Amino acid sequence: MNIQVLGAHNCESQNTRLISLLIDDTLAIDAGSLTSSLSLAAQQKLKAILLTHQHYDHIRDIPAIAMNFALHGNGTTVNIYSIPPVYDVLSTHLLNGKLYPKFLEQPQGNPTIKFTIVEPYQTEQIEGYDILPVPVNHTDPTVGFQITSPGGKIVFYTGDTGPGLTECWGHVSPQLLICEVTAPDSYEEFAKKKGHLTPSLLKQELTIFQKLKGYLPPVVVVHMNPRLEKEIEAEIAAVAKALNNSINLGYEGMQLNL
Ligand SMILES: [Zn+2]
Ligand SMILES: [Zn+2]
């Protein structure tokens with residue numbers, strides 16, 4: 001399993017992009033930087049896009065990718081898998097016929113976007129991968145995704161989440177954990193209120209994981225605030241040392257192989 005980090009941040013700039021992961025060139029998770037990172041041809045290789053939640057930094061490129069498929073896809077569909085609130089936001093706020101065409105409904109009979117609702121804790125087979133959506137703890141409904149490849153490799157990506165992952169950990173057994181850490185420890189109150197993690201909060205969650213599961217997978221951290229990344233990096237290094245575990249910051253263009 002090859003995982004490319006297309007976007008690793010929560011703010012976009014010339015050299016930071018919004019959250020997107022790409023697995024084996026065909027499966028995307030979150031759409032913060034799908035069109036800005038991928039050629040038109042690479043976009044059309046996507047077999048499925050999994051969306052963790054409705055926030056703008058995770059869904060932003062859906063209208064743009066739908067336009068690419070509508071103009072160049074020869075009738076092929078953009079296959080999106082997510083929870084009902086994400087469908088609602090896309091249909092009422094983005095693809096509503098005012099901001100952009102109603103790609104969830106048009107063309108009639110074969111809409112450009114085929115949206116499939118996923119159920120938490122129900123494994124869905126998508127293109128040979130087992131996809132397990134697991135609720136996490138954010139300000140709006142959010143699911144992380146555990147993805148098991150046809151060869152049995154397993155990664156779990158949390159999406160945006162605050163502390164309180166004990167229940168979530170009970171449902172997943174990843175060989176690689178991709179987890180959000182948005183801000184440094186000095187922002188702990190903010191993080192708790194907004195449903196995000198700091199390095200210290202991550203440490204607590206990983207300690208629970210280890211107790212519960214008897215191991216810790218390597219961890220890659222994403223969704224950093226670029227202005228605070230130096231502080232986050234130093235604090236993450238201390239957590240990695242304390243837990244004696246590999247924890248690295250993700251970056252645009254990072255390639256992970258399982
Ligand atoms: Zn969010
Ligand atoms: Zn976010």
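All values derive from a computational prediction rather than experimental measurement.
Dense packing is recorded around NZ of K213, with more than 12 heavy atoms of other residues, nucleotides or ligands lying under 6.0 Å away.
In this model, a donor atom of one side chain and an acceptor atom of the other lie less than 3.5 Å apart for N2 and N257. Judged by distance alone, the side chains of T182 and E180 do bring a donor and an acceptor atom under 3.5 Å apart. Between T77 and N79, the side chains place a donor N or O and an acceptor N or O closer than 3.5 Å (distance only, hydrogens not considered). Side-chain atoms of T123 and D130 include no donor-acceptor pair closer than 3.5 Å. A side-chain donor from one of H138 and H55 sits under 3.5 Å from a side-chain acceptor of the other. A side-chain donor from one of Y157 and D30 sits under 3.5 Å from a side-chain acceptor of the other. Neither side chain, S36 nor S33, offers a donor N or O lying under 3.5 Å from an acceptor on the other.
Outside the 6.0 Å centre-distance limit, the rings of F115 and Y81 are not counted as a close aromatic pair. Checked against a 6.0 Å centroid threshold, the rings of H223 and H9 do not count as neighbours.
Residues satisfying the ring pair (Phe, Tyr, Trp, His ring centres under 6.0 Å) test with Y251, not counting sequence neighbours, are none.
Looking at E189 and K193, no side-chain N of the basic residue comes within less than 4.0 Å of a carboxylate O on the acidic one, giving no salt bridge.
The shortest distance between side-chain heavy atoms of E119 and P133 does not fall below 4.5 Å. Side-chain contact between L206 and I247: present, with at least one pair of heavy atoms (C-beta onward) separated by less than 4.5 Å. In this structure, the side chains of V220 and L177 stay at 4.5 Å or more apart for every pair of heavy atoms.
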Working for side-chain contact (heavy atoms from CB on, under 4.5 Å), residues F103 and L90:
CA-CA 10 Å; F103 288 127; L90 286 175; over 6 Å; no

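Remark: of the listed residues D160, V143, T161, T161 is the sole one forming a side-chain contact (heavy atoms from CB on, under 4.5 Å) with V136.
The backbone N or O of G73 sits less than 3.5 Å from a side-chain atom of T76, completing a donor-acceptor pair.
The side-chain hydrogen bond (donor to acceptor under 3.5 Å, both in side chains) pairs that include a residue from residues 88-113 number zero, where partners must be two or more places apart or lie in different chains.
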